[in-house]
Amino acid sequence: MPPQPPSRPSPPPGFRRAVWERVTRIPRGRVLGYGMVAAMLGSPRAARQVGYALAALPPDTAVPWWRVLRSDGSIAMQGDPDRGPRQAELLTAEGVEVVDGRVDMARWCWDPGVDEGGGGA
DNA sequence: AGCGTGACAAGGT
DNA sequence: GACCTTGCCACGC
């Protein structure tokens, strides 16, 4: 199969909606990168749109937006400054180890099929 | 129809 | 390792 043609394979009716659906599949105590979510949706370069989609989430949303971080594991501090620290607390509440506003991606990054994890330490 | 925006990513300094 | 610059793609006006 071809590696990754620049053409859109099948653009969803609403990219934001697709992001919410995908983020909701992230198991508790696990995290993903904006670029990873975008790649799952078929647009590996639309990482910004993933963040933009989460920014459009309602205050009473059921989408675990806090489980999405930057590719390097750092928490996005853009937008509302109050949401940044809040995300760190939500992650910690789920058992994710957050150090100085950062998460060990190689350790907490969710891999579908290997949702067990536990291998930490 | 086009332009600007923005919870990002990767490369270079 | 950090900080800055460029490129990206979808959405709103």
Side-chain angles (χ1 to χ4, degrees):
Chain A
M1 60 188 269
Q4 194 72 357
S7 305
R8 268 73 64 201
S10 55
F15 196 87
R16 305 192 308 192
R17 178 53 182 269
V19 172
W20 304 343
E21 294 288 316
R22 176 57 60 166
V23 172
T24 304
R25 310 304 157 82
I26 303 176
R28 187 169 179 279
R30 204 56 72 167
V31 299
L32 276 182
Y34 295 99
M36 290 181 132
V37 177
M40 290 176 178
L41 299 177
S43 299
R45 306 295 174 221
R48 299 185 75 174
Q49 271 48 258
V50 176
Y52 191 60
L54 297 178
L57 282 168
D60 63 335
T61 182
V63 179
W65 52 266
W66 56 87
R67 292 174 191 157
V68 187
L69 342 169
R70 289 207 172 184
S71 63
D72 63 330
S74 59
I75 295 175
M77 291 286 184
Q78 307 301 61
D80 293 329
D82 292 324
R83 198 209 63 258
R86 189 182 310 288
Q87 181 168 4
E89 280 196 53
L90 285 164
L91 288 171
T92 304
E94 295 193 352
V96 178
E97 186 177 353
V98 182
V99 180
D100 189 37
R102 281 201 235 173
V103 177
D104 187 344
M105 248 312 183
R107 177 174 169 185
W108 296 101
C109 180
W110 177 46
D111 191 329
V114 190
D115 58 335
E116 179 284 321

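Residue numbers start from 1 in every chain, and the chains themselves are labelled A, B, ... in the order their sequence lines are given, proteins ahead of strands. Below, all heavy atoms of this structure are taken into account, side chains as well, without hydrogens, waters or symmetry copies. On a predicted model such as this, the values are computed, not experimentally measured, just so you know.
- A:Arg48 is not listed as a side-chain neighbour of A:Tyr34, based on a closest heavy-atom distance of 4.5 Å or more.
- A:Val98 places none of its side-chain heavy atoms less than 4.5 Å from the side chain of A:Gln87.
- At a threshold of 4.5 Å between non-hydrogen side-chain atoms, the residues A:Met40 and A:Leu32 count as touching.
- Contact between the side-chain N/O atoms of A:Arg102 and the OP1/OP2 oxygens of C:dA2 is found at a separation under 4.0 Å.
- If you check residues 63-74 of chain A against DNA chain B, the residues with a heavy atom closer than 4.0 Å are A:Trp65, A:Arg70, A:Ser71, listed by number.
- In this model, the phosphate group of C:dA10 is approached by a side-chain N or O of A:Ser43 to a distance below 4.0 Å at OP1 or OP2.
- One can place CG of A:Leu54 at 16 Å from P of C:dA10, the figure rounded to the nearest angstrom.
- Among the protein residues, A:Arg16 comes within range of the sugar-phosphate backbone only, with heavy atoms under 4.0 Å from sugar or phosphate atoms but none that close to a base.
- Take the nearest nucleotide of DNA chain C for A:Tyr52 and for A:Arg48: the residue whose nucleotide is more 5' is A:Arg48.
- Between A:Val23 and A:Pro64, the closest side-chain pair of non-hydrogen atoms falls below 4.5 Å.
- Between A:Arg67 and A:Trp110 there is no side-chain heavy-atom pair separated by less than 4.5 Å.
- Residue contacts for A:Tyr34: at a heavy-atom cut-off of 4.0 Å it reaches a base atom on one of the strands shown.
- Residue A:Arg83 places a side-chain atom within donor-acceptor reach of the base of B:dA7, judged by atom type and a 3.5 Å distance cut-off alone.
- At most 12 non-hydrogen atoms from other residues, nucleotides or ligands lie less than 6.0 angstrom from CZ of A:Arg45.
- Following rounding to the nearest Å, A:Ile75 (CD1) and B:dA7 (C1') show an atom-to-atom distance of 11 Å.
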